[in-house]
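Following: one structure in structure tokens, then a few remarks.
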Protein chains: 2
Amino acid sequence: MGDSVTSRALALLGAFDGENRSLCLTELARRAGIPLATAHRLVGELHRWGALAREPGGDYVIGRRIWQLGLLAPVQSGLTQAASPFLHDLYGTTLATVHLAVRDGLEVLYVERLAGHVSVPVVSRVGSRLPMHATGVGKVLLAYAPEEVRLEVLQNLTRITAYTVTQPARLLDQLRRVRAEGYATTGEEMSLGACSVAVPVRNGETVVAALGMVVPDLRRQLPRLVSALQVAAHGISRTLAGPASVEWK
Amino acid sequence: MGDSVTSRALALLGAFDGENRSLCLTELARRAGIPLATAHRLVGELHRWGALAREPGGDYVIGRRIWQLGLLAPVQSGLTQAASPFLHDLYGTTLATVHLAVRDGLEVLYVERLAGHVSVPVVSRVGSRLPMHATGVGKVLLAYAPEEVRLEVLQNLTRITAYTVTQPARLLDQLRRVRAEGYATTGEEMSLGACSVAVPVRNGETVVAALGMVVPDLRRQLPRLVSALQVAAHGISRTLAGPASVEWK
DNA sequence: AATCCTCTTCCACTGAGTGGAAGGTGCCAG
DNA sequence: CTGGCACCTTCCACTCAGTGGAAGAGGATT
């Protein structure tokens, strides 16, 4: 089961990550734990189909076909499309780095991100995952997550900066406040010099995503940012619930 | 060779497309041409790995893992990231639908797209393909494509609207002009009521993409649009060639 | 020219993958 | 309530697709 043909082929694809976007055959085989000769054949098939492409140097990279498939994923097609114009508006009015994220298991998965030419040190990248307890969007998603998820996350509050909240009781208290006030904040809990605000995005009753923003400092403008975020979040919710999601012919 | 385990698994993934973003097992098996029992097992593996996800109804959709992989593809990671801020600027100054596209075989592949809330009838979608001879970005990419590609495309100029250029000689003449003047235009050749302008995006010497724009009419503002496009295209080129592409920590 | 690296091809062996058939579930119509 | 239909799941004996060690080709470095 850990080494059926299929799972091996998938393991080869899984060998790629943010730090390793292009790999040679040997490396690919090593990372996937597959004999070279076997990897050679499988990689060949993946390449022929378009799941992998070759770079000038001969190294393999993820192919366009996978990229195209990815665009069909629900995260992409539903949520992102609905959110896109609102994110732009939001960016236009605030010029801060703007984020859309969903919960994936016990982590935050960044689905969309809009940043200017220069910006605050931001760790996230579209498609990357971060711990929930140290990010604005994470706190929002955690606040509305099922009880069991919350408990499990509280078990393991790893420290990231000096300001990361690592006491379960304190985080729990913050989450209560998030539900009461409708937004979450962080102050240098993920990376120094970066604060964030975030609000939930709903589809009907359920919270399906979080919309957040990273700024160098938020004392001054907090109310303004929160209301901008909430306007955008409502807009997205309305689009999601809206008339069968606008279909592009 | 058309039915190794691997190619069957890939065929299952390939069963999804823009019109069929969620499919039930039976349908999936039928489309991939695989016996139900076999499809059941393969789909199970794909699902366990995260390549497929299940919707509330039980139907399958492309999973987040594939989406994440797609983000690692070179189209996405290099080009799109470099282009993103310039596309926003461009959209901000012109408020027209803006496109970034590359050539994939004999077609145009739309890589990025920025549209306002309301817009001209535009056919493209990110990840979709269109014929090269009837789109602005297509003409640009065709003008700089290898000779053999150009010849093959010229063989088959399918008519789409009444204005589509279908005479090889005439298109060839337009392509010459594209190379001379540095931009391409279309007038309702793909869909009525939509005109477009496009310019090449270079990485060093070679044209790697095209940047385009769709507007209802371009007589008036052509020079302004072309120069806005060229500014953006130069910006992208500079970023691409730039200091080892800005790495996000 | 010797060493080391990665890639490619080959082929005899064998167990992983196959798929028809049977059974389960849930829905709708008569 | 009952039969029919459409979809999903499980089973298991057969066999052919997949395996991977080994050997050879290409290319870079010393």
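All chains are named by letter (A, B, ...) in the order of the sequence lines, taking the proteins before the strands, and each is independently numbered beginning at 1.
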Next item on the list: Walking along DNA chain D from 5' to 3', note the first and the last nucleotide with an atom under 4.0 Å from a heavy atom of chain A, and give both.
Entry: D/dG18 to D/dG21
Notebook entry, point to check: About how many Å separate OG1 of B/Thr6 and CZ of B/Arg8, when rounded to the nearest 0.5 Å?
Noted result: 11.0 Å
Next item on the list: Kindly calculate the angle separating the two end axes of the helix from C/dA1-D/dT30 to C/dG30-D/dC1, each obtained from five base pairs, and round it to 10 degrees.
Entry: 40°
Per-pair distances, 0.1 Å, donor-acceptor, side chain in residues 141-154 of chain B, under 3.5 Å, sequence neighbours excluded:
residue: B/Glu147; atom: OE1; partner: B/Arg150; partner atom: NH1; Å: 3.2
residue: B/Arg150; atom: NE; partner: B/Leu142; partner atom: O; Å: 3.2
residue: B/Arg150; atom: NH2; partner: B/Ala145; partner atom: O; Å: 2.4

Next item on the list: To the nearest Å, give me how far apart CZ (A/Arg54) and P (C/dT6) are.
Entry: 14 Å
Notebook entry, point to check: Nearest nucleotide by nearest heavy atom, which residue falls closer to the 5' end of DNA chain C, A/Ala37 or A/Thr6?
Noted result: A/Ala37
Margin query: Working to the nearest 0.5 angstrom, can you tell me the gap between B/Thr80 OG1 and B/Leu87 CG?
Written below: 8.5 Å
Check: Nearest nucleotide by nearest heavy atom, which residue falls closer to the 5' end of DNA chain D, B/Thr26 or B/Val5?
Finding: B/Thr26
Item checked: A/His40 side-chain proximity, nearest of C/dC7, C/dT9, C/dT18 -> C/dT9
Note to self: How long is the straight-line distance from CD of B/Gln81 back to CD of B/Glu112, given to the nearest 0.5 Å?
What the structure shows: 10.5 Å
Notebook entry, point to check: Nearest-Å distance, CG (B/Leu42) to P (C/dG17)?
Noted result: 9 Å
Check: Taking NZ, NE, NH1 and NH2 as the nitrogens, is one of them in A/Arg48 or A/Glu45 under 4.0 Å from a carboxylate oxygen of the other?
Finding: no
Notebook entry, point to check: Hey, what do you get for CG (B/Leu157) to CD (B/Gln155), rounding to the nearest 0.5 Å?
Noted result: 9.0 Å
Check: side chain to side chain contact (heavy atoms under 4.5 Å, CB included) with B/Val43: which of B/Leu23, B/Leu13, B/Leu25?
Finding: B/Leu25
Next item on the list: Would you indicate what B/Thr38 reaches in the nucleic acid, counting non-hydrogen atoms under 4.0 angstrom: base, sugar-phosphate, or nothing?
Entry: base
Check: Are any of B/Arg41's side-chain N or O atoms less than 4.0 Å away from OP1 or OP2 of C/dG17?
Finding: no
Check: Rounded to the Å, how far apart are A/Ile34 CD1 and C/dT6 P?
Finding: 17 Å
Next item on the list: Output the distance between atom CD1 (B/Ile34) and atom OG (B/Ser7), rounded to the nearest 0.5 Å.
Entry: 8.0 Å
Check: Atom CG of B/Leu36 and atom P of C/dT18: how far apart are they, to the nearest Å?
Finding: 13 Å
Checklist line | Value rounded to 0.5 Å, distance of CZ in B/Arg31 from CG in B/Asn20 | finding: 4.0 Å
